[in-house]
Amino acid sequence: MPELPEVETIARGLATRVTGDVIESVWLGSKPEPLKSSPEQIVRALEGARIAAVQRMGKHIVFRLEAPQAGPQSARTHAHWTVHLGMTGSLRVCDPAVALAPHTHAVLKLCSGRELRFVDPRRFGRLSVHRDGFQATGVEPLDISFERFAGLFRGRKTPIKSALLNQKLLRGVGNIYADEALARARIRPRHRAATLTYPELRRLYAALQKVLTLAIAAGGSSISDYVDADGEPGFFQIQHRVYGREGKPCRRCGSAIKRVVIAGRSSHYCPRCQK
DNA sequence: ATACCGACCTGTCAGC
DNA sequence: TGCTGACAGGTCGGTA
């Protein structure tokens, strides 16, 4: 489900709520899929640790953890705990009295008396701990220069849509924002990445940054079940130009929006505006 | 080396 | 009502 703007919204919400809190105890469900590290490794890294910071890297939420015994002076990072939400994952801070939602796979009891819960019906989400720092692949699309951005696509015969989704190139772009950026840049999703012209690359760079920035400002896109760490939905979906609008009129020219499948993913575009 | 495609899971919704 | 199939925001590994 969540792409860069949704993960950013969740990470910001979590940062304001749990930064400085200490993890008292950890409960992990019996389903193994959501755990990338062993349950023992996760429990050992988390229990007693202080949450020093919460940040987003691509589609990962990264919790910087400090050793339990370390005082303010000697405090040091002893592990990073990362959460990838997959398609349906969510992280919520809630009162322990609130009933556990179905598909809850992890519950962290915090010293402040609240709980941090990881819920994920489809179990595509992943939890892991990293002792030597966490290194995400690819480049942040909001930080990259135009020159580097253009260089990512050189020599790639793959459709530009697939290249945008490739997390080893750009990290954080998913199906919604790839389609929305291509719509604003007026480029067809099947256009071969390597054959984009300089003006097209310029438009795509600007469109991608704009669409991500607007979506973060709107708190992300809520489709079916997405909510942030507070349980609040986002509102960017009302600004979607093509995603989820198959058959509806293009907001620019009125033509019916098309849906095709590219590399197994639904791709939406206006056949008249996007060349 | 690169690129596509099915697999991984569960839930929901449209159509019969 | 109930069944079946298509589809869903993501990623991985095998294959071509």
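On a predicted model such as this, the values are computed, not experimentally measured, just so you know.
- Atom P of dT12(B) sits at a distance of 23 Å from the matching atom of dT11(C), rounded to the whole Å.
- An OP1 or OP2 oxygen of dA3(B) is reached within less than 4.0 angstrom by a side-chain nitrogen or oxygen of R156(A).
- Rounded to whole angstrom, the span from the CZ atom of R171(A) across to the P atom of dG10(C) amounts to 16 Å.
- In this structure, F124(A) does not pack face-to-face on the six-membered ring of dT11(C), missing the 5.5 Å centre cutoff or the 30° plane limit.
- Among the atoms of the strands shown, none is found under 4.0 Å from any heavy atom of Y177(A).
- At the phosphate of dC4(B), neither OP1 nor OP2 sits under 4.0 Å from any side-chain N or O atom of R265(A).
- The R123(A) side chain lies nearest to dT10(B) when the options are dA3(B), dG10(C), dT10(B).
- In this model, no donor atom of one side chain and acceptor atom of the other lie less than 3.5 Å apart for T158(A) and R156(A).
- OP1 or OP2 of dC4(B) lies within a sub-4.0 Å distance of a side-chain N or O belonging to T158(A).
- Heavy atoms of P102(A) sit nowhere under 4.0 angstrom from any nucleic acid atom.
- One atom, CG of D120(A), and another, C1' of dG11(B), lie 12 Å apart when rounded to the nearest Å.
- Close to dG10(C), at under 4.0 Å from its OP1 or OP2, lies no side-chain N or O of Q167(A).
- With a cut-off of 3.5 Å on both pairing distances, the Watson-Crick and G-U wobble pairs of DNA chain B assemble into stems of 3 or more at B:2-8 with C:10-16, B:10-16 with C:2-8.
- The backbone N or O of L100(A) sits nowhere less than 3.5 Å from a side-chain atom of T104(A) that would complete a donor-acceptor pair.
- Using C1' as the reference atom, dG6(B) and dA6(C) are 16 Å apart when rounded to the nearest Å.
- With hydrophobic clusters built from ILVMFWY side chains whose heavy atoms lie under 4.5 angstrom apart, L108(A) shares a cluster with V54(A).
- With hydrogens and angles left out, the side-chain atoms of E200(A) and T197(A) include a donor and acceptor closer than 3.5 Å.
- Taking only side-chain nitrogens and oxygens, R122(A) never comes nearer than 4.0 Å to OP1 or OP2 of dG11(B).
- Y243(A) places its OH atom 8 Å from the P atom of dG10(C), with the value rounded to the nearest Å.
- For the pair N175(A) CG and dA8(C) P, the computed distance is 8 Å after rounding to whole Å.
- One can place CD1 of I262(A) at 17 Å from C1' of dA8(C), the figure rounded to the nearest angstrom.
- For dC9(B), neither phosphate oxygen OP1 nor OP2 lies less than 4.0 angstrom from any side-chain nitrogen or oxygen of H103(A).
- dG14(C) and dC9(B) have their P atoms separated by 15 Å, with the value rounded to a whole Å.
- Between H84(A) and dT11(C) there is a side-chain polar atom (N or O) within less than 4.0 angstrom of OP1 or OP2.
- Distance L35(A) CG to dC9(B) C1': 15 Å, rounded to the nearest Å.
- We find that CG of L164(A) is positioned 12 Å from P of dG10(C), with the value rounded to whole Å.
- When the side chains of ILVMFWY residues are joined at heavy-atom separations under 4.5 Å, either directly or via intervening members, L4(A) and V139(A) end up in a single hydrophobic cluster.
- Nearest to the side-chain atoms of P121(A) among the listed nucleotides dC4(B), dT11(C), dG11(B) stands dG11(B).
- The closest side-chain donor-acceptor pair between S128(A) and T82(A) falls under 3.5 angstrom.
- What separates NE2 of H240(A) from C1' of dA8(C) is a distance of 14 Å, to the nearest Å.
- Counting only residues at least two apart or on different chains, the side-chain hydrogen bond (donor to acceptor under 3.5 Å, both in side chains) pairs with a member in residues 162-172 of chain A are E140(A)-R171(A).
- Residue K59(A) places at least one side-chain N or O closer than 4.0 Å to OP1 or OP2 of dT11(C).
- In this model, the phosphate group of dG11(B) is not approached by any side-chain N or O of T88(A) to a distance below 4.0 Å at OP1 or OP2.
- Electrostatic pairing of R241(A) and D179(A) does not count as a salt bridge here, judged by no charged N lying under 4.0 Å from a carboxylate O.
- If you check every strand for non-hydrogen atoms under 4.0 Å, R126(A) touches nothing.
- Cluster membership for Y269(A) and Y177(A), using ILVMFWY side-chain heavy atoms within less than 4.5 angstrom, is not shared.
- Candidate nucleotides dG10(C), dC4(B), dC7(C) were compared by shortest atom distance to the side chain of E3(A), and dG10(C) ranks first.
- Among the nucleotides dC4(B), dC7(C), dT11(C), the one closest to any side-chain atom of P159(A) is dC4(B).
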